[in-house]
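See below for the structure under consideration.
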Amino acid sequence: MDSAEFHDAVYHVVRQIPAQKVTSYGHIAKLIGMPRHSRHVGQALKFISPAVQPPIPWQRVISSAGTISSRGPGTSGAELQRQELEAEGVEVTQTRGGELKVDFGRWGWFPAPGTVDTGVQLADHDDLQDT
DNA sequence: TCATTGACGGCAT
DNA sequence: CATGCCGCCAATG
């Protein structure tokens with residue numbers, strides 16, 4: 001699988017996340033069959049252009065701890081993500097240390113690998129002969 | 001080619 | 001529940 005296909009699979013799966021649901025980078029990685037690439041899932045998401053259609057609900061992907069990654073002190077990405085989530089009705093709480101957190105027990109979406117369409121054909125023995 | 005980095009994960013303290 | 005540390009793996013300098 002290329003990096004291009006990897007990004008494609010990530011985007012495809014992220015688009016399957018229902019509204020008002022969130023999942024983790026690691027789970028996305030598992031769903032596309034590469035459980036050790038959690039970091040690259042985030043890497044792929046940052047390449048998203050806001051103009052892509054259909055839109056990719058990147059805001060529904062947070063860390064496995066249920067928190068929105070801070071992305072650095074000077075950046076506002078985390079705050080934007082919070083706004084996007086609250087805009088669609090997801091409850092975002094804030095811990096004492098100022099961490100933005102989402103309750104997975106209520107908003108989590110963690111389907112078993114194989115039960116979602118990754119957009120990539122795995123082990124598809126194309127038996128299309130000459131027709 | 002080697003060293004560093006990163007929208008991360010998981011376990012130990 | 002908060003922190004610290006180590007493991008992961010591709011992209012970058």
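Remember, predicted model here, so these are calculated numbers, not experimental data. A, B, ... follow the sequence lines: proteins, then strands. Residue 1 opens every chain.
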- How would you label the contact of A:Arg71 with the nucleic acid (heavy atoms, under 4.0 Å): base, sugar-phosphate, or nothing?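 Contact class for A:Arg71: base.
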- Query: Within the structure shown, what part of the strands sits under 4.0 Å from A:Ser3 by heavy-atom distance: base, sugar-phosphate, or nothing?
  - Reply: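 Sugar-phosphate only.
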- Message: Judged by each residue's nearest nucleotide on DNA chain C, which is more toward the 5′ side, A:Phe47 or A:Arg96?
- Response: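 Nearest nucleotide further toward 5': that of A:Arg96.
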- Given DNA chain C, 5'-ward residue of the pair A:Glu99 and A:His37, judged by closest heavy atom: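 Counting from the 5' end, the first nearest nucleotide belongs to A:Glu99.
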- In whole angstrom, give the distance that lies between atom CD1 of A:Ile56 and atom C1' of B:dA7. 14 Å
For nucleotides 11-13 of chain B, tabulate all protein N/O to nucleotide N/O atom pairs closer than 3.5 Å, reporting atom names and distance.
none

- Look up atom CG in A:Leu31 and atom OG1 in A:Thr115, then write down how far apart they are to the nearest 0.5 Å.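 Between atom CG of A:Leu31 and atom OG1 of A:Thr115 there are 7.0 Å.
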- A:Ile56 CD1 to A:Arg15 CZ distance, which is reported to the nearest 0.5 Å: 4.5 Å
- Could you list the residues that satisfy salt bridge (charged side-chain N to carboxylate O under 4.0 Å, His left out) with A:Arg71, not counting sequence neighbours?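 For A:Arg71 there are no salt bridge (charged side-chain N to carboxylate O under 4.0 Å, His left out) partners, ignoring immediate neighbours.
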- Query: Of all residues at least two apart in sequence or in a different chain, which pass the side chain to side chain contact (heavy atoms under 4.5 Å, CB included) check with A:Ala9?
  - Reply: A:Ile32, A:Val120
- Task: Could you list the residues that satisfy side chain to side chain donor-acceptor pair (under 3.5 Å) with A:Arg106, not counting sequence neighbours?
- Result: A:Glu91
- Pairs touching residues 74-86 of chain A that satisfy salt bridge (Lys or Arg N to Asp or Glu O under 4.0 Å), sequence neighbours left out: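 As it turns out, the salt bridge (Lys or Arg N to Asp or Glu O under 4.0 Å) pairs with a partner in residues 74-86 of chain A, which skip direct neighbours, are A:Glu79-A:Arg82, A:Arg82-A:Glu86.
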- Task: With sequence neighbours excluded, give me every salt bridge (Lys or Arg N to Asp or Glu O under 4.0 Å) pair touching residues 93-103 of chain A.
- Result: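 As it turns out, there is no salt bridge (Lys or Arg N to Asp or Glu O under 4.0 Å) pair with a partner in residues 93-103 of chain A once direct neighbours are skipped.
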- Selection residues 53-80 of chain A - residue pairs positive for ring-ring contact (aromatic ring centres under 6.0 Å, His included), sequence neighbours left out: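 Found none.
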- Task: Sort and list the pairs that fulfil ring-ring contact (aromatic ring centres under 6.0 Å, His included) and have at least one residue in residues 65-104 of chain A, not counting sequence neighbours.
- Result: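 For residues 65-104 of chain A: A:Phe104-A:Phe110.
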- Query: 5' to 3' on DNA chain C, which nucleotides open and close the contacts with chain A (atom under 4.0 Å from a heavy atom)?
  - Reply: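 Endpoints of the contacted stretch of DNA chain C: C:dA2 to C:dA11.
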Would you tabulate the side-chain donor-acceptor contacts of residues 43-50 of chain A under 3.5 Å, counting partners in other chains and residues two or more places apart, or write 'none'?
{"unit_1": "A:Ser49", "atom_1": "OG", "unit_2": "A:Ala51", "atom_2": "N", "d": "3.2"}

- Apply ring pair (Phe, Tyr, Trp, His ring centres under 6.0 Å) to A:His40 and list each qualifying residue two or more places apart in sequence or on a separate chain.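 A:His40 satisfies ring pair (Phe, Tyr, Trp, His ring centres under 6.0 Å) with A:His37 once adjacent residues are dropped.
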If you restrict it to nitrogen or oxygen atoms, what contacts under 3.5 Å exist between nucleotides 8-10 of chain B and the protein, and what is each distance?
{"unit_1": "B:dC8", "atom_1": "OP1", "unit_2": "A:Ser69", "atom_2": "OG", "d": "2.5"}
{"unit_1": "B:dC8", "atom_1": "N3", "unit_2": "A:Arg39", "atom_2": "NH1", "d": "3.2"}
{"unit_1": "B:dC8", "atom_1": "N4", "unit_2": "A:Arg39", "atom_2": "NH1", "d": "3.0"}
{"unit_1": "B:dC8", "atom_1": "N4", "unit_2": "A:Arg39", "atom_2": "NH2", "d": "3.1"}
{"unit_1": "B:dG9", "atom_1": "OP1", "unit_2": "A:Gly26", "atom_2": "N", "d": "2.9"}
{"unit_1": "B:dG9", "atom_1": "OP1", "unit_2": "A:Ser64", "atom_2": "N", "d": "3.3"}
{"unit_1": "B:dG9", "atom_1": "OP2", "unit_2": "A:Ser64", "atom_2": "N", "d": "2.8"}
{"unit_1": "B:dG9", "atom_1": "OP2", "unit_2": "A:Ser64", "atom_2": "OG", "d": "3.4"}

